[in-house]
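See below for the structure under consideration.
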2 protein chains.
Amino acid sequence: MSQASPIAAAQVRDAAPLFAALGDETRLRLLVRLAASGPESITHLSAESTVSRQAIKKHLDVLSKAGLVRGDRRGREHIWELEPKRFADACEYLDRISRQWDDALDRLKHFVED
Amino acid sequence: MSQASPIAAAQVRDAAPLFAALGDETRLRLLVRLAASGPESITHLSAESTVSRQAIKKHLDVLSKAGLVRGDRRGREHIWELEPKRFADACEYLDRISRQWDDALDRLKHFVED
DNA sequence: GTCATAGGCAACCTCCTGGTTGCATCTTAC
DNA sequence: GTAAGATGCAACCAGGAGGTTGCCTATGAC
């Protein structure tokens, strides 16, 4: 009887780029790094990475477009920080799919029992 | 003082393919469809899609490798169903990054105040 | 003002990914 | 056993993604 609300097509179109942004090892490492150390500049971030500064910059752009990080120019540095709300968005989305699956199984069960 | 446990490199390597599997609109639609209707065959799933049956099959393989769905051969049909546990895994992962970010900001705040 | 440092832009390359078509295989219905 | 339905497999193709190098711009230190 949980009756999760249905998932609209527009939400799928919004969620796909979000998960796509999360679906790269280098980007995930960037997020983990940011989460552990707090706001950081591009140079600092790329110093601890195996790939070039430009690669890191591209990844940050992708993450930024997905709303997962936010960049802030301070003088000649560009400081990046996490945007925790988007993480919650993604979580909620997954949770809704899960609940709808549970509902579907419940319906199947009742259908069989009738 | 929440002190979220650190995120290991191995977990990043595990999580990236999981999110990558979620990061495609066609695949997300498949998951939403499965969640709404319960277990379904490939032919049924592709009937409601704009892309070919083979494309759907490939996507199901990707989702399966990521552990998000499970396929079961029944006679000449191949029935696919959701694997809700993986959704919870992804959620938990995102949650851990978020909490670590909160910790980092707390530490920064205390550092400034000292 | 000059120089080093931080960052952005653009061109380029390679490989993976999403998609297709064509054909083979396996089941079930009759 | 034969035909139709459901699926798997392989080859192929176009475009995008991740990465690199080279060069330009802007800012801060001195």
Could you tell me the separation between the CG atom of D72(A) and the P atom of dA6(C), rounded to a whole number of Å? 18 Å
List in chain and number order the residues that pass side chain to side chain donor-acceptor pair (under 3.5 Å) with K57(A), two or more places apart in sequence or in another chain; answer none if no residue qualifies. D61(A)
So the side-chain hydrogen bond (donor to acceptor under 3.5 Å, both in side chains) pairs with at least one residue in residues 6-22 of chain A (sequence neighbours excluded) are Q11(A)-R96(A)
Under the salt bridge (charged side-chain N to carboxylate O under 4.0 Å, His left out) rule, collect the residues that match up with D24(A), sequence neighbours excluded. none
Between N or O atoms, less than 3.5 Å apart, protein on one side and nucleotides 8-11 of chain D on the other: list the pairs.
residue, atom, partner, partner atom, Å
dG8(D), OP1, H78(B), ND1, 2.4
dG8(D), N7, R53(B), NH1, 3.4
dG8(D), O6, R53(B), NH2, 3.3
dG8(D), O6, Q54(B), NE2, 3.3
dC9(D), N4, Q54(B), NE2, 3.4

dT20(D) phosphate, OP1 or OP2, under 4.0 Å from S52(A) side-chain N/O: yes
Is there any ring pair (Phe, Tyr, Trp, His ring centres under 6.0 Å) pair reaching into residues 28-78 of chain B, and which pairs are they, with sequence neighbours excluded? H78(B)-W80(B)
Between the side chains of D103(B) and R99(B), is the shortest nitrogen-to-carboxylate-oxygen separation below 4.0 Å, so that they form an ion pair? no
Ion pair present between D89(A) and K85(A), side-chain N to carboxylate O less than 4.0 angstrom? yes
When hydrophobic residues are tied together by side-chain contacts of less than 4.5 Å, even through go-betweens, does V62(A) share a cluster with L45(A)? no
Between dT27(C) (P) and R76(B) (CZ): distance, integer Å: 11 Å
Going by heavy atoms closer than 4.0 Å, what residues in residues 9-33 of chain A are next to DNA chain D? D24(A), T26(A), R27(A)
I want to confirm an ordering. Mapping A55(A) and H44(B) to their closest nucleotides on DNA chain D, which one lands closer to the 5' end? H44(B)
Nucleotide dA4(C), atom P - distance to CD of E77(A) in whole Å: 19 Å
Strictly below 4.0 Å, N to O, side chains only: are D72(A) and R70(A) in salt-bridge contact? no
